[in-house]
Novice: 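Right, I'll just put the structure down here and ask away after.
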Amino acid sequence: MTMEKEYIPEVVELKWQKIWEDTNLFSVNVNRQKKKYYLLEMFPYPSGNIHMGHVRNYAIGDVVARYKRMQGYNVLHPMGWDAFGMPAENAAIANNVHPAKWTYKNIDSMRSQLKRLGFSYDWGREVTTCKPEYYRWEQLLFVKMFEKGMAYRKKAFVNWCNQCQTVLANEQVEAGRCWRCGGEVVQKELDQWFFRITDYADDLLDYCNRLPGWPDKVVTMQKNWIGKSVGAEIYFPLENGNGHIPVFTTRHDTVFGATFMCMAPEHPLVMKLAAGTDREEEVKAFVERMKRQDKIKRTSEDYEKEGVFVGAYCINPLTKRRMPIFTANFALMEYGTGAVMAVPAHDQRDFEFARKYGLDIIVVIQPEGETLNPQDMTRAYTGEGIMVRSAPFNGMKNVEALDAIAAYLEEKKLGRRKVNFRLRDWGISRQRYWGTPIPIIYCDNCGVVPVPEKDLPVVLPEDAEMLEGGRSPLPALDDFVKTRCPRCGSSSARRETDTMDTFVESSWYFERYCSPHYDEGMFDPEAVGYWMPVDQYIGGIEHAILHLLYARYFTRVLKEFGFLNYKEPFTRLLTQGMVRRETVKCPDHGFLYPEEAILKDGDRLCKYCGSHVEIGRTEKMSKSKKNVVDPNALIEKYGADTLRLFSLFAAPPEKDLDWSDQGVEGASRFLKRVWRLVRDNLDRLDGVKPYDGGEELGRDLRQLHRKIHQTIKRVTSDIETRFHFNTAISAVMELVNSVQAMRESAFTDRLGRSVLKLALESIVLLLSPIVPHVAEELWAALGHSKSVLDVPWPKYSKDAIEEDTILIVAQVNGKVRSRFYVASDADDETIKETALADERIVARISDRPIRKVIVVHKKLVNIVV
RNA sequence: GCCUGGGUGGCGGAAUAGGUAGACGCAAGGGACUUAAAAUCCCUUGGAGCUUGUCUCCGUGCGGGUUCGAUUCCCGCCCCAGGCACCA
């Protein structure tokens with residue numbers, strides 16, 4: 001048994017990475033004899049370099065993958081690239097590189113970084129979403145969805161910069177202006193493609209309660225996002241007799257108090273009603289102004305309610321009251337029908353609006369024991385009460401009237417019961433270049449025609465040049481746009497030039513991993529049948545709603561087509577917290593990298609101009625904020641194992657991690673200490689068998705042996721049940737400390753050495769999923785030839801962890817006053833007697849009478865006086 | 001603004017079913033080894049007090065409450081973060 005004297009991470013890590021690669025250690029196949037375990041981490045967008053968020057995410061995943069493998073599972077652990085997206089286009093504009101070239105280059109460098117970190121991926125399954133061999137199947141599915149009516153076209157608004165003549169993403173709009181040119185951003189209506197996710201709203205909601213392996217907070221967020229509300233749709237006839245306005249409400253008990261109508265500024269009826277009246281100009285100006293406003297702000301509770309009268313009236317179908325129609329900032333086109341029946345007495349927004357514009361307020365629900373008077377009200381009354389001015393429902397409790405009124409509306413054909421969801425259909429059209437082309441052809445004769453299966457894929461032309469301002473080059477590419485209609489053969493047909501939302505690719509990549517080279521469809525049913533669903537999915541909390549909901553929806557669509565037979569793709573979910581760091585900003589030079597701020601006399605100054613820098617908010621690490629840490633530099637200095645160890649030790653995975661540079665040093669120190677511990681004992685452990693529990697041990701060795709087994713138990717449950725690697729690591733640190741604290745003479749005889757060997761082997765095995773390279777090296781040094789990955793995970797013995805004595809805490813009136821040991825089999829009565837006889841306790845009680853004694857089994861005694 | 005989390009020493013965190021607050025690590029201070037430094041090892045380290053003790057009091061964002069006992073449960077605030085549908 002020999003090993004290098006010094007621990008040089010780079011040497012050890014490169015050596016083992018080569019061995020793993022040469023022996024194909026991580027490649028797996030369907031094996032029906034073995035239990036499968038599918039461990040998946042969210043695949044990265046290839047932005048250029050791996051960042052700390054990735055390191056954290058993938059380190060967590062790798063521990064679980066390696067741990068499960070040691071437990072005998074056939075572990076699928078793949079990696080790939082979410083390769084379409086906006087940053088590639090931005091980079092193209094900024095640096096004049098083609099998005100494809102930029103993306104592939106990034107993939108190459110990120111792949112080698114991941115390899116350098118020693119993650120146990122089966123690289124033979126790598127998936128890259130911007131390749132036709134991937135997105136062709138997505139296009140095929142789109143066509144199938146189109147044919148079934150699951151994909152459809154409708155008008156929707158986009159952010160539009162007039163100056164750049166481009167559609168902007170929400171993040172490209174800064175305070176209502178274009179991030180590139182600073183020009184004003186307006187809402188423009190375009191034809192767009194949608195997926196009918198709302199068809200599955202109820203099912204997605206139901207199954208939220210059948211995801212026991214998901215964090216409660218994520219389930220709650222999803223439920224709230226879907227936002228089911230049970231209510232009624234009521235038809236308000238227009239005064240001019242041209243139809244009616246349908247309104248969704250959950251408070252149809254208040255319909256008798258509806259005195260005016262509010263419509264979203266985007267509502268098509270608004271301009272129609274105003275047309276030709278003296279209101280037209282004013283309404284138009286208001287609508288235009290609203291289209292420029294931030295929707296979140298516009299509808300927030302404390303924002304000033306405003307609106308204008310559109311010059312028309314509708315009729316309250318129950319009271320026959322003439323109701324003026326307004327368009328108002330707080331009404332949203334996306335929710336319900338885009339129109340709100342305003343009941344100022346019982347809705348706060350309506351109340352504020354009515355007060356502002358002097359509109360009638362009619363109380364129709366009276367709280368018990370109180371009489372509301374519209375003149376005296378300072379705010380709306382939204383609580384329960386008794387119905388008034390609502391014949392024939394007067395005297396009923398409002399909660400009971402809900403059902404009665406719904407029935408009445410249906411009977412009189414004035415409305416109907418309705419369930420409304422906050423969830424809207426998924427808009428997938430992007431007016432961008434770098435994405436999956438939507439496989440649709442527009443023909444003057446045949447209309448909207450899907451590209452036939454045999455003509456797929458519609459390949460994204462990779463020779464296109466990006467245009468100024470970020471406009472997509474596709475509409476101007478005649479070779480791409482001009483095509484023949486597959487139905488009538490007309491040569492004047494045009495291709496759809498919008499591409500798909502990149503969330504589409506990430507909604508099925510986990511299925512593709514099961515058979516990444518399958519060329520007869522999206523995936524091989526056989527492989528998916530074995531591997532799916534994902535047993536453990538791990539990714540950032542920022543994906544808690546959209547990505548996860550879309551993936552759940554897509555799985556349902558695939559099931560509907562009969563491609564698979566489960567509804568939920570992810571059995572267990574772990575959402576890791578963000579890696580954050582403070583931002584540093586110079587008044588003249590903007591955001592600075594931490595090293596660009598120089599520390600001087602306790603102040604931090606800008607490297608370039610010497611001004612005092614401003615320490616900004618602590619935020620999610622991002623390149624644009626320059627608050628990133630480069631993992632490369634850390635790997636170079638400390639090695640991959642130290643970086644992995646530290647990122648797992650710094651905080652439990654679900655918690656946000658505020659980065660600090662200190663601390664990495666400690667992780668490195670610990671690995672060096674373990675290295676020395678093994679190295680310095682190698683000679684005397686040569687040929688020694690680890691202690692197997694057969695022989696009686698002396699006190700000290702028995703204690704160490706107990707600690708070994710307690711550590712195995714602790715580490716196993718920390719990994720298995722909670723993913724709390726930080727406490728698992730501290731437990732191993734404690735064991736290392738215990739071994740080092742032993743008297744040297746304890747390990748001189750054969751028995752002592754066998755316990756020492758057990759201790760060292762346990763330390764190495766327990767650490768191996770976390771720091772695999774150094775573990776392999778030490779394991780080999782201890783005389784083993786197999787990879788640690790194929791060694792069974794250690795098991796603890798119940799007998800070995802039994803303590804001889806236990807510590808009891810003695811309290812008087814809930815305050816700790818003494819501690820003592822008792823035999824571990826002592827009963828409550830003995831513990832109580834011992835406490836009452838304890839001199840410190842006796843002194844505390846003095847002559848006060850004892851009122852009560854509480855004994856918590858094997859833990860604590862509390863004496864109340 | 002809405003939805004969802006979080007707040008514990010100088011710092012990261014621990015306390016798994018309401019029962020010893022601060023495990024483990026970092027940083028800091030002191031000491032050993034060394035010609036010296038690095039590395040390593042040992043000790044101290046939540047705050048305050050004086051009577052220096054197996055001492056007393058305070059202390060888990062703030063204010064209340066439940067309980068023999070609250071970091072943990074309940075109510076009301078404050079602050080921070082994530083998401084809010086075209087960042088991924």
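Proteins get letters first, then strands, A, B, ... in listed order; numbering begins at 1 in each. Computed from a predicted model, the values in this text were never measured in an experiment.
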Novice: Expressed as a whole number of angstroms, how long is the span from A:E734:CD to B:A14:P?
Specialist: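 Spelled out: CD on A:E734 to P on B:A14 is 14 Å.
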Novice: Knowing that exactly one of A:Y433, A:Y135, A:Y509 qualifies, which makes a ring-ring contact (aromatic ring centres under 6.0 Å, His included) with A:F84?
Specialist: A:Y135
Novice: Would B:G22 be called syn or anti here, given the cut-off of 90° from 0?
Specialist: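 Chi for B:G22 falls in the anti range.
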Novice: Nearest heavy atom decides the nucleotide; on that basis, is A:Q192 or A:V809 closer to the 5' end of RNA chain B?
Specialist: A:V809
Novice: Is A:E654 touching bases, backbone alone, or none of the nucleic acid, heavy atoms closer than 4.0 Å?
Specialist: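 A:E654: no heavy atom of the nucleic acid under 4.0 Å.
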Novice: Pick the closest RNA chain B nucleotide for A:G663 and for A:P44 by heavy atoms, then say which residue is nearer the 5' end.
Specialist: A:G663
Novice: Please pick, from B:A85, B:U40, B:A23, the nucleotide with the shortest atom-to-atom distance to any side-chain atom of A:R422.
Specialist: B:A85
Novice: B:U20, B:G19, B:C3: which one has an atom nearest the side-chain heavy atoms of A:K859?
Specialist: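 Within the option list, the nearest is B:G19.
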Novice: For B:C26, does either OP1 or OP2 sit under 4.0 Å from a side-chain N or O belonging to A:R669?
Specialist: yes
Novice: Using the P atom in both, what is the distance from B:U8 to B:U4, to the nearest Å?
Specialist: 22 Å
Novice: Would you mind pulling out the nucleotide paired to B:A81, Watson-Crick or G-U wobble, both distances under 3.5 Å?
Specialist: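 Here B:A81 is engaged in a pair, and the nucleotide opposite it is B:U4.
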Novice: Under 4.0 angstrom, heavy atoms only, what part of the nucleic acid is A:L423 near: base, sugar-phosphate, or nothing?
Specialist: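 Touches a base.
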Novice: Find the distance A:E334:CD to B:C86:C1' and express it as a whole number of Å.
Specialist: 13 Å
Novice: Taking OP1 and OP2 of B:U56, is either one under 4.0 Å from a side-chain nitrogen or oxygen of A:R844?
Specialist: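 Checking A:R844 against B:U56: at least one side-chain N or O falls below 4.0 Å of OP1 or OP2.
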Novice: B:A88, OP1 or OP2 - any side-chain N/O from A:R430 closer than 4.0 Å?
Specialist: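 For B:A88, OP1/OP2 do not have a side-chain N/O of A:R430 under 4.0 Å.
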Novice: Expressed in whole Å, how much space separates the C1' atoms belonging to B:G49 and B:U40?
Specialist: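 One C1' to the other, the span is 39 Å.
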Novice: Any chance the side chains of A:N106 and A:W81 put a donor and an acceptor closer than 3.5 Å?
Specialist: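 Side chains of A:N106 and A:W81: no pair found under 3.5 Å.
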Novice: Counting only side-chain N and O atoms of A:N862, is one of them less than 4.0 Å from OP1 or OP2 of B:G19?
Specialist: no
Novice: For A:K655 and B:U71, what is the distance between atoms NZ and C1' respectively, to the nearest whole Å?
Specialist: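 It is 12 Å, rounded to the nearest whole Å.
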Novice: Would you mind checking if A:E189 and A:K155 are paired as a salt bridge, meaning a charged N to carboxylate O distance below 4.0 Å?
Specialist: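 Answer for the salt bridge query: no.
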Novice: Under 6.0 Å from the NZ atom of A:K223, do we count more than 12 heavy atoms belonging to anything else shown?
Specialist: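 Yes, enclosed.
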Novice: Determine the interatomic distance between C1' on B:A15 and the same-named atom on B:A23; round to the nearest Å.
Specialist: 8 Å
Novice: Compare the minimum distances between each of B:A15, B:C41, B:C87 and the side chain of A:R676, then state the nucleotide with the smallest one.
Specialist: B:C41
Novice: Under 4.0 Å between a side-chain N or O of A:K815 and OP1 or OP2 of B:G69?
Specialist: no
Novice: Send over the distance from A:L657 CG to B:G5 C1', rounded to a whole Å.
Specialist: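 Whole-Å distance recorded here is 16 Å.
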Novice: Should A:R722 and A:D718 count as an ion pair when the cut-off is N to O under 4.0 Å?
Specialist: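 Yes, this pair counts.
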Novice: Are any side-chain N or O atoms of A:N813 and backbone N or O atoms of A:V865, one a donor and one an acceptor, separated by less than 3.5 Å?
Specialist: yes
Novice: Do NZ/NE/NH1/NH2 and the carboxylate oxygens of A:K707 and A:E734 come within less than 4.0 Å?
Specialist: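 Salt bridge flag = yes for A:E734 with A:K707.
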Novice: Return the pairing partner of B:G76 with a 3.5 Å limit on both distances, Watson-Crick or G-U wobble; otherwise return none.
Specialist: B:C62
Novice: Could you check which nucleotide pairs with B:G12 in any of the strands shown, counting Watson-Crick or G-U wobble with both distances under 3.5 Å?
Specialist: B:C24
Novice: Check every strand shown and say whether A:W426 touches a base, only sugar-phosphate, or nothing at a heavy-atom separation below 4.0 Å.
Specialist: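 A:W426: no heavy atom of the nucleic acid under 4.0 Å.
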Novice: Does a nitrogen or oxygen in the side chain of A:K217 sit under 4.0 Å from OP1 or OP2 of B:G5?
Specialist: no
Novice: So, does A:N726 get its side chain near the phosphate of B:A14, meaning an N or O under 4.0 Å from OP1 or OP2?
Specialist: yes
Novice: More than 12 heavy atoms of other residues, nucleotides or ligands under 6.0 Å from NZ of A:K154: is that the case?
Specialist: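 Check passes, neighbour count above 12.
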Novice: If you go through the side-chain atoms of A:R851, does one of them form a donor-acceptor pair with the base of B:C68 closer than 3.5 Å?
Specialist: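 In this structure, the two groups form no donor-acceptor pair.
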Novice: Roughly, in whole Å, what's the span from CZ in A:F725 to C1' in B:A14?
Specialist: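 These atoms are roughly 17 Å apart.
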Novice: What does A:A544 touch in the nucleic acid at a heavy-atom separation under 4.0 angstrom: a base, only the sugar-phosphate, or nothing?
Specialist: nothing
Novice: Taking the minimum atom-to-atom distance to the side chain of A:M86, which one of B:G19, B:A88, B:C24 wins?
Specialist: B:A88
Novice: Say we look at B:G83 and B:A28: how far apart would their C1' atoms be, to the nearest angstrom?
Specialist: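 Comparing C1' positions in B:G83 and B:A28 gives a spacing of 40 Å.
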Novice: Tell me the partner of B:G29, counting only Watson-Crick (N1-N3 plus N6-O4 or O6-N4) or G-U wobble (N1-O2 and O6-N3) with both under 3.5 Å; none if nothing fits.
Specialist: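 With both distances under 3.5 Å, B:G29 matches B:C43.
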Novice: If the cut-off is 4.0 Å, is A:T502 near the phosphate of B:A88, judged by side-chain N/O to OP1 or OP2?
Specialist: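 Affirmative; the distance criterion is met.
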Novice: For the P atoms, the ones on B:C41 and on B:C79, what distance do you get once it is rounded to whole angstrom?
Specialist: 46 Å
Novice: On a plain distance test, is the side chain of A:Q172 in donor-acceptor contact with the base of B:C86 below 3.5 Å?
Specialist: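 Such a pair does not exist between side chain and base.
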Novice: Could you check whether any side-chain heavy atom of A:T499 comes within less than 4.5 Å of a side-chain heavy atom of A:W434, counting everything from C-beta outward?
Specialist: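 No, too far: nothing below the 4.5 Å cut-off.
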Novice: With both distances under 3.5 angstrom, what nucleotide forms a Watson-Crick or G-U wobble pair with B:A70?
Specialist: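 Partner of B:A70: none.
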Novice: At 4.0 Å (heavy atoms only), tell me whether A:G540 reaches a base, stays on the sugar-phosphate, or touches nothing.
Specialist: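 Result for A:G540 = nothing.
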Novice: Roughly how many Å is it from CH2 in A:W675 to P in B:A39, rounded to a whole number?
Specialist: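 Nearest whole value for this atom pair: 20 Å.
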Novice: What's the closest nucleotide to the A:P652 side chain, out of B:A14, B:C86, B:C84?
Specialist: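 Looking only at heavy atoms from C-beta outward on A:P652, the closest nucleotide is B:A14.
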Novice: Assess, by modelled atom type and distance only, whether the side chains of A:R471 and A:Q431 contain a donor and an acceptor separated by less than 3.5 Å.
Specialist: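 No.
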Novice: Out of B:C41, B:G25, B:A27, which nucleotide sits closest to the side chain of A:F649?
Specialist: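 Among B:C41, B:G25, B:A27, the one nearest the side chain of A:F649 is B:G25.
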Novice: Between protein and nucleic acid, restricted to nucleotides 80-82 of chain B and to nitrogen or oxygen atoms under 3.5 Å apart, what atom pairs and distances do you find?
Specialist:
| from | atom 1 | to | atom 2 | distance (Å) |
| --- | --- | --- | --- | --- |
| B:A81 | OP1 | A:R617 | NE | 3.3 |
| B:A81 | OP1 | A:R617 | NH1 | 3.0 |
| B:A81 | OP2 | A:R617 | NH1 | 3.3 |
| B:A81 | O4' | A:R580 | NH1 | 3.2 |
| B:A81 | O2' | A:R580 | NH1 | 3.2 |
| B:A81 | O2' | A:D656 | OD2 | 3.2 |

Novice: Considering just the side-chain nitrogens and oxygens of A:N170, establish if one lies under 4.0 Å of OP1 or OP2 belonging to B:C84.
Specialist: no
Novice: Can you spot which of A:I60, A:V218, A:I541 makes a side chain to side chain contact (heavy atoms under 4.5 Å, CB included) with A:L574?
Specialist: A:I60
Novice: Round to a whole Å and report the spacing from NE2 of A:H547 to P of B:A85.
Specialist: 18 Å
Novice: Does the structure show a Watson-Crick or G-U wobble partner for B:U56, both distances under 3.5 Å? Name it, or say none.
Specialist: B:A48
Novice: Examine B:U56: is either OP1 or OP2 under 4.0 Å from a nitrogen or oxygen in the side chain of A:R817? Give yes or no.
Specialist: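 Affirmative; the distance criterion is met.
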Novice: I want to verify a distance call: between B:A85, B:C3, B:U16, whose nearest atom is closest to the A:L546 side chain?
Specialist: B:A85
Novice: Does A:N737 put a side-chain nitrogen or oxygen below 4.0 Å from OP1 or OP2 of B:G25?
Specialist: yes
Novice: Is A:T128 close to A:I107 at the side-chain level, that is, under 4.5 Å between some pair of heavy atoms?
Specialist: yes
Novice: A:W434 has an atom CH2; how far is it from atom P of B:A88, in whole Å?
Specialist: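 In whole Å, B:A88 P lies 13 Å from A:W434 CH2.
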